[in-house]
Amino acid sequence: MHHDSTFTEPHGAPRRHAGHDLAVFQRRFWICLALTIPILLYASPIQDLFHFPLPLALRNQFVPLLLSTMIFVYGGSIFLQGALAEIQRGTVGMMTLVSLAIVVAYGYSIATALLGSGMTLYWELATLIDVMLLGHWIELSAVGRASNALAELARLLPDTAERIVDSTTEEIPVGDLKVGDLILIRPGGRIPADGVVISGESWVNEAMVTGESRPVDKRPGDSVIGGTVNGDGALRVRVTRVGDQTTLAGIMRLVEEAQQSRSRSEVLANRAAFWLTIIAIGAGTLTLLGWLAIGAPLSFAIERTVTVLVIACPHALGLAIPLVVAITTSLAARNGILVRDRLQLEEARSVDVIVFDKTGTLTKGEQGVVGLITTAGLNEQTALALAAAVEGESEHTIARALRSAAKVRGITPPAVKEFEALPGQGVRGWIDGNEVLVGGPHLLEMLGLSLPDNLLTMVDRWDKQGKTVVYLVRNGEPSAAFALADVIRDESREAVAQLKAMGIQVAMLTGDSAAVAAWVSRELGIDEYFAEVLPRQKVDKIRELQARGFKVAMVGDGINDAPALATADVGIAIGAGTDVAIESAGIILVRNDPRDVVRVIRLSRASYQKMIQNLAWATGYNVVAMPIAAGVLAGRGIILTPAIGALLMSASTVIVALNAQWLRHSNRTMTGS
């Protein structure tokens with residue numbers, strides 16, 4: 001069932017059709033079109049064109065009058081109501097223009113019919129209303145398709161959940177879930193709330209929330225997001241967030257906030273639409289007075305005036321920005337880019353410098369093996385296997401890094417006997433009858449060992465880069481050295497290269513030493529870095545770059561980077577994951593992928609380009625069309641009727657809508673491919 005009072009446009013868009021939904025315009029269009037057909041049969045120009053004289057028995061001037069009145073009241077009332085709402089708000093706009101046109105056409109036709117002289121505008125009035133209804137219907141269809149992000153997100157949650165109580169399950173509405181509940185997620189089921197896996201292993205499709213196409217493995221201790229889809233394993237999940245606190249609810253809030261926020265381009269478009277309305281009313285008045293002053297028939301002067309008013313309706317101009325913005329925000333949300341502040345997304349297109357926080361942004365924020373060298377007679381595979389084996393019992397970050405490196409290479413560590421921790425020095429164990437020790441420089445000092453030349457040369461280089469070095473000692477001889485550091489993300493190299501190819505400078509902030517910062521910068525090709533920077537000093541570095549005339553974007557984790565994110569021209573919180581409540585960032589990236597920053601810039605540039613194209617078309621169209629509508633080419637036989645004017649106006653609106661929709665279908669917008 002459709003109600004005439006339920007329509008809501010995208011937030012931030014002018015409420016041109018307040019109080020009406022798409023179905024209202026659709027229904028009224030078809031009914032008015034049916035009533036228009038007999039009116040066309042009564043119109044002399046139509047009869048002359050098709051050589052179809054109306055039978056004498058059907059000739060009755062009150063038939064088109066009655067049908068036109070029905071169309072005016074039923075179809076035109078939408079525009080009259082809209083005009084009244086505009087006037088009550090103390091402004092004039094599109095509905096006012098349309099209403100003026102149809103009131104003038106209808107009033108003139110009534111007066112002509114009652115006086116019995118002059119040419120009525122019945123068919124022009126009817127077709128004008130038909131085309132206006134059709135144009136609004138098409139426009140609302142386009143807007144509706146662009147603004148369904150919230151509805152799509154809302155549909156991600158299931159209606160019910162299986163709560164585990166005393167080793168049995170009960171099906172309850174999702175709204176009844178509470179923090180701390182234990183729920184069962186069956187294979188293929190949709191996860192009803194945010195939580196932590198207690199038992200079970202599976203993979204989860206998180207593409208609809210994070211934009212990540214690859215399934216994500218889930219094991220005990222891993223977090224899951226409400227609205228995502230479980231794979232082929234059963235999971236028991238402890239609920240951590242419900243209702244408005246869930247990730248999905250947070251994303252919906254961000255999308256809504258983004259659609260409510262205003263950008264400079266939208267303010268400009270709305271102001272231009274207002275002034276175009278004023279100009280159109282003035283031009284219509286001058287057209288009427290001008291034609292009457294040179295002795296043109298009243299009917300001709302009114303027809304010119306009506307055409308000017310209709311063709312100047314700035315629907316295309318009013319739609320140019322809001323539709324692009326609605327599409328942009330929904331497109332971004334589906335790709336794991338959440339826009340809190342549309343103004344910042346708009347500003348991103350002109351950023352000169354992007355400053356990345358290092359730890360957790362360009363790097364993984366965890367120690368990993370980034371270098372390995374061995375002595376003659378020991379290959380890297382064996383060295384890593386021995387180190388991982390003897391560190392198998394330790395939870396130290398170095399031990400985890402060595403085990404992780406072995407796992408990545410597919411190495412299975414051998415069995416260890418007589419494991420022993422050496423406080424302050426390292427660990428020791430026996431493998432296949434060989435004594436194996438792993439530790440740092442203190443281990444070598446304790447054993448009184450010196451490094452062979454090939455190990456010493458590489459270790460000196462690693463020390464200068466600020467890397468942590470640990471040693472493998474086998475049977476009393478230093479046999480291998482491992483360099484550990486915060487692992488650089490593979491995606492970071494690609495992101496930096498792409499940003500520089502786009503003409504954007506890349507800088508880095510880190511609290512690490514200058515040696516570490518220099519190494520990471522060289523690895524990634526970063527233009528400038530700031531090392532040994534405390535969190536409170538990050539703001540100063542951002543301001544320093546701004547003082548040098550740069551427009552700066554800051555990319556960080558949104559926690560200790562919050563002040564810098566807020567100070568930058570564009571604040572981008574990366575790797576927010578399920579934490580979508582980051583107040584300091586205008587743009588939030590769900591994934592820990594620096595390449596999404598590139599996507600933000602591309603999306604900003606693409607959407608701005610569409611805005612400019614739409615504004616150019618909408619304003620240019622009126623500059624050309626209004627004089628023709630006024631009749632400046634009448635001397636050459638070129639005259640536009642109100643119906644043709646309405647058709648051109650609607651065509652302009654449709655062109656703007658289709659141009660905006662192209663954002664949705666262009667892969668280059670997000671991927672650059």
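Throughout, numbering of the chain's residues begins at 1 and tracks the sequence. Just so it is clear, the structure is predicted and the values come from calculations on it, not from any experiment. We use all heavy atoms of the structure for the numbers below, so side chains are in, but hydrogens, waters and symmetry mates are not.
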Original post:
Okay, side chain of Lys500, backbone of Val506: is any donor-acceptor separation there less than 3.5 Å?
Top reply: no
Original post:
Is the CZ atom of Arg493 crowded by more than 12 outside heavy atoms at less than 6.0 Å?
Top reply: yes
**OP:** Apply the side chain to side chain contact (heavy atoms under 4.5 Å, CB included) test between Ile198 and each candidate in Leu235, Leu182, Ile183; give the one that qualifies.
**Re:** Leu182
**OP:** Could you go through the side-chain contact (heavy atoms from CB on, under 4.5 Å) check for Leu589 and Val597 one step at a time?
**Re:** CA-CA 8 Å; Leu589 308 181; Val597 177; 3.8 Å; yes
Original post:
At their closest point, which heavy atom of Lys178 faces which heavy atom of Val242, and how far apart are they?
Top reply: C-CG1, 4.1 Å
Original post:
Mind checking whether Val520 and Met508 have side chains closer than 4.5 Å, heavy atoms only?
Top reply: yes
Original post:
Taking NZ, NE, NH1 and NH2 as the nitrogens, is one of them in Lys538 or Asp357 under 4.0 Å from a carboxylate oxygen of the other?
Top reply: yes
**OP:** Would you check if there is a donor-acceptor pair between the side chains of Asn230 and Ser202 at a distance under 3.5 Å?
**Re:** yes
Original post:
Do the non-hydrogen side-chain atoms of Glu170 and Ile172 ever get within less than 4.5 Å of each other?
Top reply: yes
Original post:
Looking only at heavy atoms, which two atoms of Arg489 and Pro594 are closest? And how far apart?
Top reply: CD-CD, 4.0 Å
**OP:** Output, in order, the C-alpha distance, side-chain angles, deciding distance and verdict of side-chain contact (heavy atoms from CB on, under 4.5 Å) for Asp194 and Val224.
**Re:** CA-CA 6 Å; Asp194 293 2; Val224 292; over 6 Å; no
Original post:
Are Leu443 and Leu437 close enough, and set up right, to give a side-chain contact (heavy atoms from CB on, under 4.5 Å), and what steps lead you there?
Top reply: CA-CA 8 Å; Leu443 176 66; Leu437 298 93; 3.9 Å; yes
Original post:
Taking everything shown except Arg461 itself, do over 12 heavy atoms lie less than 6.0 Å from its CZ?
Top reply: no
Original post:
Between Glu528 and Arg548, is there a salt bridge with N-O shorter than 4.0 Å?
Top reply: yes
**OP:** Mind listing the closest non-hydrogen atom pair of Thr374 and Asn454 along with its distance?
**Re:** O-ND2, 3.1 Å
**OP:** Working to the nearest 0.5 Å, report the span between CD1 of Ile542 and CD of Gln537.
**Re:** 13.0 Å
Original post:
With the threshold set at 4.0 Å, does a side-chain nitrogen-carboxylate oxygen contact exist between Arg400 and Glu391?
Top reply: no
Original post:
Which heavy atom of Ser607 sits nearest a heavy atom of Thr328, and at what distance?
Top reply: CB-OG1, 3.3 Å
Subject >> Approximate separation, where rounding is to 0.5 Å, of Ile572 CD1 and Leu565 CG >> reply: 9.0 Å
Subject >> Flag, side chain of Ser479 to backbone of Glu477, donor-acceptor distance under 3.5 Å >> reply: yes
Subject >> Glu435 and Arg428 ion-paired at < 4.0 Å >> reply: yes
Original post:
Taking atom CD1 of Ile574 and atom CZ of Arg595, what is their separation to the nearest 0.5 Å?
Top reply: 10.5 Å
Subject >> Val555 side chain near Ile354 side chain, heavy-atom distance below 4.5 Å >> reply: yes
**OP:** Take Gln546 and Lys551 through the test side-chain contact (heavy atoms from CB on, under 4.5 Å) and record every step on the way to the result.
**Re:** CA-CA 6 Å; Gln546 290 171 328; Lys551 180 171 282 189; over 6 Å; no
Original post:
Which heavy atom in Pro441 sits nearest to a heavy atom in Tyr471, and how many Å separate them?
Top reply: N-CE1, 3.9 Å
Original post:
Just wondering, do Phe419 and Val427 contact through their side chains at under 4.5 Å, heavy atoms?
Top reply: yes
Subject >> Thr375 OG1 to Leu451 CG distance, which is reported to the nearest 0.5 Å >> reply: 10.5 Å
Original post:
Are Arg238 and Asp181 close enough for a salt bridge, meaning some N to O gap below 4.0 Å?
Top reply: no
Original post:
Can you name the nearest heavy-atom pair linking Trp462 to Ala481, along with the distance?
Top reply: CH2-O, 3.7 Å
**OP:** Indicate yes or no for a side-chain donor-acceptor contact from Ser492 to the backbone of Leu362 under 3.5 Å, with no hydrogens or angles considered.
**Re:** yes
**OP:** Answer yes or no: is there an ion pair linking Arg599 with Asp596, defined by an N-O contact shorter than 4.0 Å?
**Re:** yes
Subject >> Within-4.5 Å side-chain heavy-atom neighbours: Tyr529 and Thr510 >> reply: no
**OP:** Answer yes or no: is there a side-chain heavy-atom contact under 4.5 Å between Leu509 and Met554?
**Re:** yes
**OP:** Taking the side chain as every heavy atom from C-beta outward, state whether Val552 and Val351 have any atom pair closer than 4.5 Å.
**Re:** no
Original post:
Would you say Arg190's side chain and Gly227's backbone share a donor-acceptor pair under 3.5 angstrom?
Top reply: yes
Original post:
Tell me, do Ile225 and Thr228 make a side-chain contact under 4.5 Å, heavy atoms counted?
Top reply: yes
Original post:
For the side chain to side chain contact (heavy atoms under 4.5 Å, CB included) test, which of Asp217, Val229, Ile191 pairs with Val204?
Top reply: Ile191
Original post:
Are any side-chain N or O atoms of Asp460 and backbone N or O atoms of Thr457, one a donor and one an acceptor, separated by less than 3.5 Å?
Top reply: no
Subject >> Intermediate values then yes/no, salt bridge (charged side-chain N to carboxylate O under 4.0 Å, His left out), Arg186 and Glu162 >> reply: CA-CA 9 Å; Arg186 297 185 185 276; Glu162 286 191 74; 2.6 Å; yes
Original post:
When rounded to the nearest 0.5 angstrom, what distance separates CZ in Phe482 from NZ in Lys467?
Top reply: 14.5 Å
Subject >> Straight-line distance of Leu447 CG to His442 NE2, nearest 0.5 Å >> reply: 13.0 Å
